[in-house]
2 protein chains.
Amino acid sequence: MRRDSRLSGVLHVLLHMAEQPGPITSEALARAMSTNPVVIRRIMGGLRDRGYVHSEKGHGGGWTIACDLAAVTLRDIYDALGKPELLAMGNRTEAPGCLVEQAVNAALGETFDEAEALLLRRFGEISVAALSADFHTRLAERGGSPALETNHAA
Amino acid sequence: MRRDSRLSGVLHVLLHMAEQPGPITSEALARAMSTNPVVIRRIMGGLRDRGYVHSEKGHGGGWTIACDLAAVTLRDIYDALGKPELLAMGNRTEAPGCLVEQAVNAALGETFDEAEALLLRRFGEISVAALSADFHTRLAERGGSPALETNHAA
DNA sequence: TTCTCATGCAACTCTATATGTTGCGAGGTC
DNA sequence: GACCTCGCAACATATAGAGTTGCATGAGAA
């Protein structure tokens, strides 16, 4: 099953925005991500509704960060995306009459719930600012430039 | 995305087989699972290759359990299914040149790996026999019959 | 006012994958 | 030989993420 990369994508976008003071257009972000501006608007819509980012139309418009990234966790971003499915597996039937299936569901369901809880807990422990800090550490080690173009040239 | 229910399905099949001494045909199992015989053969193929079950052709043929269910864990079954994808999310790009994406991948990847490891560990802790025992506990509480038909009549 | 820029949104296509279905051949029992 | 059951290939269906196109709307520039 193809894996959902929206969370990965939107974080990528946020970190790039954090490196630039002014607004960035969907078009520029799409170029950096090798994708389509509409895809950018799509994944950013939820974040805009929650006030994490702001979008401006017209000349000089685009996307800007509208919050303190240290106060926003990956869990918040995940929620803003609409809480997509975390696990690729699930029970065949949710409320089965068959006792065999109930036994299977109980065991698997408990395991699945545990894994989901772990993911959400970890997401809640990581702020977007922490990711940005990690990026700057990597940048210092490599001595590159934070500009959009140079990082994606290769 | 629709969640993969093969693990749930094959466990359901195994537990039903454990309740019956003789071989069960794909057709009978499919009826019990409200699905198609070919689907049954498909998910059982991997288990047959590993010797967990045996299939017999012709009159009186069908599927039989060919191992000690106490020695087989959900992890073994999962492996026999071909180790399908566990998580519905993943990184946008696996080996990105962009340092921003590297930082995102590092954080998310670690979390994803943790969750996968947890799932596999839990699978390894549960034997099929344990599921069967749980089923019998439920059966005693409800006082029903273990026959295929009665359990699925409703 | 008019032109250009950029978002917002709907509708469509494309692709991958689990699942469902049909048909036929191989092998086994009666 | 007649019948049963698995094995397998081929095709159909459904769903969801992703990509694409077109147009309307609002904002700034000339």
Side-chain angles (χ1 to χ4, degrees), chain A residues 1-10 12-13 17 20 22-49 53-64 66 78 81-93, chain B residues 1-10 12-13 17 20 22-49 52-66 78 81-93:
Chain A
M1 192 174 279
R2 182 192 284 165
R3 292 169 103 177
D4 181 350
S5 66
R6 279 176 295 177
L7 182 58
S8 171
V10 78
H12 191 174
V13 164
M17 286 172 62
Q20 185 153 321
I24 313 185
T25 64
S26 305
E27 220 270 316
L29 289 169
R31 238 182 297 117
M33 309 256 305
S34 308
T35 180
N36 196 287
V38 178
V39 176
I40 301 291
R41 295 190 187 112
R42 204 133 65 188
I43 62 179
M44 295 291 278
L47 276 68
R48 180 191 55 225
D49 296 343
V53 296
H54 175 71
S55 63
E56 196 73 45
K57 291 182 178 178
H59 260 294
W63 298 89
T64 44
Y78 167 77
L81 286 177
K83 308 184 184 184
E85 210 57 78
L86 289 170
L87 302 184
M89 311 188 71
N91 285 324
R92 241 171 45 88
T93 312
Chain B
M1 197 169 273
R2 182 194 283 165
R3 293 169 101 177
D4 182 349
S5 65
R6 280 176 294 178
L7 182 57
S8 170
V10 77
H12 191 172
V13 165
M17 286 171 63
Q20 186 154 322
I24 313 185
T25 65
S26 305
E27 219 270 316
L29 289 168
R31 238 183 297 117
M33 310 256 304
S34 307
T35 181
N36 196 288
V38 179
V39 176
I40 301 291
R41 295 189 189 113
R42 204 132 66 188
I43 62 177
M44 295 291 279
L47 276 68
R48 180 192 54 225
D49 295 343
Y52 299 148
V53 296
H54 175 72
S55 64
E56 196 73 44
K57 293 181 178 179
H59 258 296
W63 299 89
T64 44
I65 290 174
Y78 167 78
L81 287 177
K83 308 184 185 185
E85 210 59 75
L86 288 170
L87 302 184
M89 313 187 70
N91 286 323
R92 239 172 45 87
T93 312

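Each chain gets a letter, A, B and so on, in the order the sequences are listed, and its residues count up from 1.
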Handout entry: Check: B:Pro23 and B:Trp63 side chains under 4.5 Å, non-hydrogen atoms
Key =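 B:Trp63 vs B:Pro23: side chains apart.
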Problem - Side chains of A:Tyr78 and A:Leu86 in contact at under 4.5 Å (non-hydrogen atoms) - result: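 Yes, their side chains come closer than 4.5 Å.
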Practice task
Remember a base hit wins even if backbone is also touched, and classify B:Asn36 as base, sugar-phosphate or nothing at under 4.0 Å, heavy atoms.
Solution key: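 Answer is base: heavy atoms of B:Asn36 come under 4.0 Å of a base.
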Exercise for the section: Scan A:Arg6 against the nucleic acid and name what it touches under 4.0 Å (heavy atoms): base, sugar-phosphate only, or nothing. Expected result: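 Counting heavy atoms under 4.0 Å across all strands, the contact made by A:Arg6 is with sugar-phosphate only.
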Handout entry: N/O donor-acceptor pair under 3.5 Å between A:Arg92 side chain and B:His12 backbone
Key =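 Not confirmed, A:Arg92 side chain does not pair with B:His12 backbone.
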Problem - Exam field: side chain B:Arg3 to backbone A:Glu85, donor-acceptor pair closer than 3.5 Å - result: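 It does not hold such a pair.
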To the nearest angstrom, how far is [X] atom [atom1] from [N] atom [atom2]?
{"X": "B:Met33", "N": "C:dA18", "atom1": "CE", "atom2": "P", "answer": "16 Å"}
{"X": "A:Ile40", "N": "C:dG8", "atom1": "CD1", "atom2": "P", "answer": "13 Å"}
{"X": "A:Glu27", "N": "D:dT21", "atom1": "CD", "atom2": "P", "answer": "13 Å"}
{"X": "A:Arg92", "N": "C:dA18", "atom1": "CZ", "atom2": "P", "answer": "16 Å"}
{"X": "B:Asp4", "N": "C:dA16", "atom1": "CG", "atom2": "P", "answer": "18 Å"}
{"X": "B:Glu85", "N": "D:dA16", "atom1": "CD", "atom2": "P", "answer": "18 Å"}
{"X": "A:Ile24", "N": "C:dC5", "atom1": "CD1", "atom2": "P", "answer": "19 Å"}
{"X": "A:Lys57", "N": "C:dC3", "atom1": "NZ", "atom2": "P", "answer": "20 Å"}

Exercise for the section: Measure the OG1-CD1 distance between A:Thr35 and A:Ile43 for me, rounded to the nearest 0.5 Å. Expected result: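 The distance works out to 8.0 Å.
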Looking at [X], I'd like to know whether one of its side-chain N or O atoms comes within less than 4.0 Å of OP1 or OP2 on [N].
{"X": "A:Ser55", "N": "C:dG8", "result": "yes"}
{"X": "A:Thr25", "N": "C:dC5", "result": "no"}
{"X": "A:Ser5", "N": "D:dG17", "result": "no"}
{"X": "B:Arg41", "N": "D:dG7", "result": "no"}
{"X": "A:Ser26", "N": "C:dA6", "result": "no"}

Practice task
Would you mind telling me which residue lines up with the more 5' stretch of DNA chain C, A:Gly61 or B:Ile43, judged by nearest nucleotide?
Solution key: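 Nearest nucleotide further toward 5': that of A:Gly61.
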Problem - Which nucleotide in D:dT20, D:dC8, C:dC9 has an atom nearest any side-chain atom of A:Val39 - result: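 For the A:Val39 side chain, the nearest candidate turns out to be D:dT20.
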Handout entry: C:dG20 base / B:Arg42 side chain donor-acceptor hit below 3.5 Å
Key =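 Side chain to base: pair found, below 3.5 Å.
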